[in-house]
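Notes follow once the structure below has been shown.
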Amino acid sequence: MLYGRKNHIMEEGDAEPIFGSAASDHDLPKYKLNQEPILPSIAYRLVKDELLDEGVARQNLATFCQTYMEDEATKLMGETLEKNAIDKSEYPRTAEIENRCVSIIADLWHAPKDEQFMGTSTVGSSEACMLGGMALKFRWRSRAQAAGIDTITKRPNLVISSGYQVCWEKFCVYWDVDMRLVPMDKERMHLDPDKITDYIDEYTIGVVGILGITYTGEYDDMKALDAKIEEYNRTAKVSVPIHVDAASGGLYTPFMEPDLEWDFRLKNVVSINTSGHKYGLVYPGIGWVLWRDEEYLPQELIFKVSYLGGEMPTMAINFSRSASQVIGQYYNFLRYGFDGYKDIHARTHDVAVYLARAVGKTGLFEIYNDGSKLPIVCYKLKEDADVAWTLYDLADRLQMKGWQVPAYPLPADLQETIIQRYVVRADFGMNMAHEFAEDFVKAIAELKEARVLGPVQPGQKVHGFTH
Ligand SMILES: Cc1ncc(COP(=O)(O)O)c(C=O)c1O
């Protein structure tokens, strides 16, 4: 969010009372700096209290981001907060840890032995996608110029399904690239590979396939996409590469569906991103982006930083940031190993499948995702469901029990469909799932008894209860 004066909730001059302390006779301004310092214990209390009504992160089924790490991991991360990830010379062991993480991920994504993979940590998938997109654009430009294509007066384009995450729109706006959207439809809630050649041309910097569409958790069919792109590239003036946005699937699928070919096993997949803070099981923000070979990362995007008397190539939007997230990622890799990740994800999967069944049993919902791929449960109210309430009402009702469960419209072309989605994470155990399922059934029963006020104007969300 961008903040400004309009975001002041109270009038300027309104003060924060510091009750129960010697400082309680001081006023603390909210939107400008207080003149005098206050004691650390009071500052702690005030900030902590400020955050009181934010809800319990672990009951937040809206987020993909990790809400739990082991005590040893948080201790380690707390003890390394001061390390700056960009200072490779000062923190060479940290640089080595990042290097190991990149190699571990390259191995999970089947980087070919005869190619020189490259990769880096990022703040999250958004930065990783930005880097992946920039590499696509710069590489396209030099190849298009070599092929005699006008790269000055015409804009390049990026092709992606309408289920894209907003970071791709940002990339296209920030980097002057047209976003060509392949629409999803009711039958196919992911990119239709058969339509792809209608959208690509010599101005296409790349096609983005999504391993875990944010709205529904569905996967694009990367193998079919690769086959179509391969066919196109055989005669193309400028070949089209694939970037896989595996923000949520990149550190889940390798453990749960190792035979699914979506990664560098596919010839035209040149780069992949993932969020370490999603199924990499690290607190936000850590992401990763890898290229299958140096060839796909244009030199002009690489900046050198000093490293042990020499230089080290880096690619990043940010300069300084804490290395503690990278260290947290390495802790998890070391601690869990392949089997540990697999066990954790398998349990998460079981919980998602259980929840989808619980939702299905009510008979009221059409399930779009039953947790069998990513552990995401996603559904809409059946057309003929005889109820007077909406999914927004159900979300509000569940929030009374502390559960944060979003309801929202599907993207363009499907926006009439309102869905609800749960993202099941490792710390959402079966016990919690049983409790949630009970609250879910109760919420529906209560809504049946409630007098729900319908919308007064189209698009207006007005509802209430009388008990
Ligand atoms: C498919 C996809 N891409 C990119 C992102 C952005 O990820 P991050 O929050 O790590 O920046 C998300 C986040 O949900 C996502 O689902």
Side-chain angles (χ1 to χ4, degrees), residues 1 57 60-67 85 101 105 109 119-134 136 158-175 179 181-182 184 189-191 206-222 225 242-253 262-263 269 271-290 316-318 321-322 325-326 328-329 332 352 368-369 373-378 404 406 408 410-412 419 421-425:
M1 176 157 177
N60 178 359
L61 300 192
T63 183
F64 279 92
C65 285
Q66 275 311 300
T67 46
C101 288
I105 296 170
W109 293 347
T120 181
S121 69
T122 58
V123 175
S125 275
S126 302
E127 188 191 6
C129 292
M130 200 65 74
L131 301 184
M134 278 156 57
L136 291 180
L158 177 93
V159 178
I160 191 167
S161 92
S162 56
Y164 68 88
Q165 209 266 358
V166 67
C167 67
W168 288 107
E169 196 172 337
K170 275 193 207 169
F171 165 75
C172 289
V173 171
Y174 293 174
W175 291 93
M179 187 157 70
L181 297 182
V182 184
M184 301 193 298
M189 295 275 221
H190 49 86
L191 186 98
V207 174
V208 175
I210 310 175
L211 196 77
I213 292 178
T214 322
Y215 294 87
T216 59
E218 285 237 12
Y219 293 165
D220 285 345
D221 182 346
M222 238 54 84
L225 178 64
I242 300 174
H243 173 93
V244 182
D245 178 356
S248 44
L251 289 172
Y252 184 84
T253 314
W262 63 273
D263 52 16
V269 171
S271 49
I272 305 176
N273 69 274
T274 195
S275 304
H277 54 226
K278 293 186 175 124
Y279 291 102
L281 307 180
V282 184
Y283 284 136
I286 175 86
W288 301 95
V289 57
L290 269 69
I317 302 275
N318 303 284
R321 74 185 151 93
S322 174
Q325 255 71 11
V326 173
Q329 181 77 77
N332 278 354
Y368 282 128
N369 197 336
K373 288 222 176 274
L374 274 185
I376 308 283
V377 180
C378 171
Q404 296 183 49
Y408 52 85
L410 283 174
I419 57 163
R421 184 196 72 184
Y422 318 150
V423 178
V424 183
R425 298 182 304 274

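For this chain, numbers begin at 1 and follow the sequence in order. Counting convention: from 1, in listed order, for ligands and their atoms alike.
- Close approach of ligand 1 to His277 is summarised as follows: ligand atoms under 4.0 Å from at least one heavy atom of the residue are 8 (P), 9 (O), 10 (O).
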(request) Could you walk me through whether Met130 and Tyr174 pass the side chain to side chain contact (heavy atoms under 4.5 Å, CB included) test, one step at a time? (result) CA-CA 9 Å; Met130 200 65 74; Tyr174 293 174; 3.8 Å; yes
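- At distances below 3.5 Å, at least one donor-acceptor pair connects side-chain atoms of Ser162 with backbone N or O atoms of Met184.
- Minimum interatomic distance between Asp245 and Trp168 (heavy atoms only, all atoms of both residues): OD2-NE1, 2.9 Å.
- Looking only at atom types and distance, the side chain of Arg425 has a donor-acceptor partner in the side chain of Thr67 under 3.5 Å away.
- On a distance-only criterion, Ser126 and ligand 1 share at least one N/O pair closer than 3.5 Å.
- Remark: the Trp288 side chain and the Asn273 side chain contain no N/O donor-acceptor pair separated by less than 3.5 Å.
- For the residue pair Tyr283 and Gln325, no side-chain donor N or O sits within less than 3.5 Å of a side-chain acceptor on the partner.
- Residue, atom and distance of the protein heavy atom nearest to atom 13 (C) of ligand 1 are Lys278 NZ, 2.7 Å.
- Atom 3 (N) of ligand 1 has its nearest heavy-atom neighbour, among Ile160, Ile210, Asp245, Val166, in Asp245.
- For ligand 1, none of its N or O atoms has an N or O atom of Ser248 under 3.5 Å away.
- Between the side chains of Tyr219 and Thr253, at least one donor N or O sits under 3.5 Å from an acceptor N or O.
- Not a single heavy atom of Gly287 sits under 4.0 Å from any atom of ligand 1.
- Ligand 1 lies within reach of Gly212, whose nearest heavy atom is under 4.0 Å from it.
- Among protein heavy atoms, the minimum distance from atom 5 (C) of ligand 1 is reached at Gln165 CD, 3.4 Å.
- Residue-level proximity to ligand 1 for Ser125 is carried by backbone and side chain together, each with a heavy atom below 4.0 angstrom.
- Atom 16 (O) of ligand 1 has its closest protein heavy atom at Thr214 OG1, 2.9 Å.
- Residues Thr122 and Arg321 bring no donor and acceptor atom of their side chains to less than 3.5 Å of each other.
- Atom numbering of ligand 1 starts at 1 in the shown order; those under 4.0 Å from a heavy atom of Cys167 are 4 (C).
- Within the 4.0 Å heavy-atom cutoff, Glu127 does not count among the residues contacting ligand 1.
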